[in-house]
Amino acid sequence: RVTSIADRLNVEFALIHKERKKANEVDRMVLVGDVKDRVAILVDDMADTCGTICHAADKLVSAGATKVYAILSHGIFSGPAISRINNAAFEAVVVTNTIPQEEKMKHCPKIQVIDISMILAEAIRRTHNGESVSYLFSHVPL
């Protein structure tokens with residue numbers, strides 16, 4: 001998936017491999033690729049307490065990334081998440097509006113929200129009418 005996105009954007013990519021001892025506990029992270037003197041964008045499905053993405057941001061900065069952004073489908077942001085984000089190297093943490101973020105944004109200026117209501121509505125409409133949902137992967141409604 002990463003290769004496909006990087007190819008479409010005509011950019012190089014690196015990845016962070018997480019090794020877990022058990023569920024919800026990262027034992028070790030390994031950066032694969034070169035981020036020196038580059039802007040790094042972390043992409044993940046969700047962030048809860050933000051320990052993993054903040055650790056990943058530190059790893060990217062240590063490897064020479066000039067700026068670090070995070071893009072997440074779902075920002076749960078429980079427990080120490082807001083404090084961690086505020087203290088992390090992120091320029092911004094961008095999330096969708098699948099979870100309301102107004103209160104979190106008051107305490108963390110790094111959080112930015114993208115409205116995905118139109119694409120969700122179109123996916124529901126297409127499903128209801130038996131039309132292709134995968135069409136939306138290359139034709140996003142604005």
- line: In short, Ala14 meets Leu31 closest at the heavy-atom pair CB-CD1, 4.1 Å
statement: Between the CE atom in Met29 and the CD atom in Glu19, the distance rounded to the nearest 0.5 Å is 11.0 Å
- prompt: Under 3.5 Å, is there a donor-acceptor pair between the side chain of Thr96 and the main chain of Ser73?
  reply: yes
- prompt: Would you find a donor on one side and an acceptor on the other, under 3.5 Å apart, between the side chain of Asp115 and the backbone of Ser117?
  reply: yes
field: Worked check of side chain to side chain contact (heavy atoms under 4.5 Å, CB included) between Phe77 and Ile99
entry: CA-CA 10 Å; Phe77 304 142; Ile99 298 172; over 6 Å; no
- prompt: Taking atom OG1 of Thr52 and atom NZ of Lys59, what is their separation to the nearest 0.5 Å?
  reply: 12.5 Å
message: Nearest 0.5 Å, please: how far is CG in Asn87 from CG in Asp58?
response: 10.5 Å
message: Using 0.5 Å steps for rounding, measure from the CD1 atom of Ile5 to the CZ atom of Phe13.
response: 10.0 Å
Pair Glu102-Lys106, salt bridge (Lys or Arg N to Asp or Glu O under 4.0 Å): steps then yes or no: CA-CA 7 Å; Glu102 290 77 17; Lys106 289 178 185 175; over 6 Å; no
- prompt: Looking only at atom types and distance, does a side-chain atom of Asn86 sit under 3.5 Å from a main-chain N or O of His107, one as donor and one as acceptor?
  reply: yes
Option passing side-chain contact (heavy atoms from CB on, under 4.5 Å) with Val95 (candidates Lys104, Gln101, Gln112): Gln101
query: Taking C-beta and beyond as the side chain, do Ile41 and Val43 meet within less than 4.5 Å on heavy atoms?
result: yes
task: State whether the side chain of Asp37 and the backbone N or O of Thr66 hold a donor-acceptor pair below 3.5 Å, judged by distance alone.
output: no
task: Indicate the atoms forming the closest heavy-atom contact of Arg126 with Tyr135, along with that distance.
output: NH2-CD2, 3.2 Å
field: Cluster check Ile85, Val61: I/L/V/M/F/W/Y, side chain < 4.5 angstrom
entry: yes
query: Do Ile111 and Ile82 come close enough that some side-chain heavy atom pair is under 4.5 Å?
result: yes
- request: Specify the closest pair of heavy atoms between Leu42 and Ala57, including all atoms of both residues, with the distance to one decimal.
  value: CD1-N, 4.0 Å
task: Could you grab the distance from atom CE of Met46 to atom NE2 of His74, nearest 0.5 Å is fine?
output: 8.5 Å
query: When you measure from the side chain of His55 to the backbone N and O of Gly51, does any donor-acceptor pair fall under 3.5 Å?
result: no
message: Are the side chains of Ile16 and Leu60 in contact, using a 4.5 Å heavy-atom criterion?
response: yes
task: Identify whether Leu120 and Leu136 are in the same connected component of the hydrophobic contact network (ILVMFWY, side-chain heavy atoms under 4.5 Å).
output: yes
query: What closest approach, in Å, do Phe90 and Ile53 show between heavy atoms, and which atom pair accounts for it?
result: CZ-O, 3.4 Å
- prompt: Quick one: are Val39 and Tyr69 in side-chain contact, heavy atoms under 4.5 Å?
  reply: yes
statement: In this structure, CD of Glu12 is separated from CG of Asp7 (nearest 0.5 Å) by 11.0 Å
message: Is it the case that the side chain of Thr49 and the backbone of Ala81 share a donor-acceptor pair, with hydrogens and angles ignored and the cut-off at 3.5 Å?
response: no
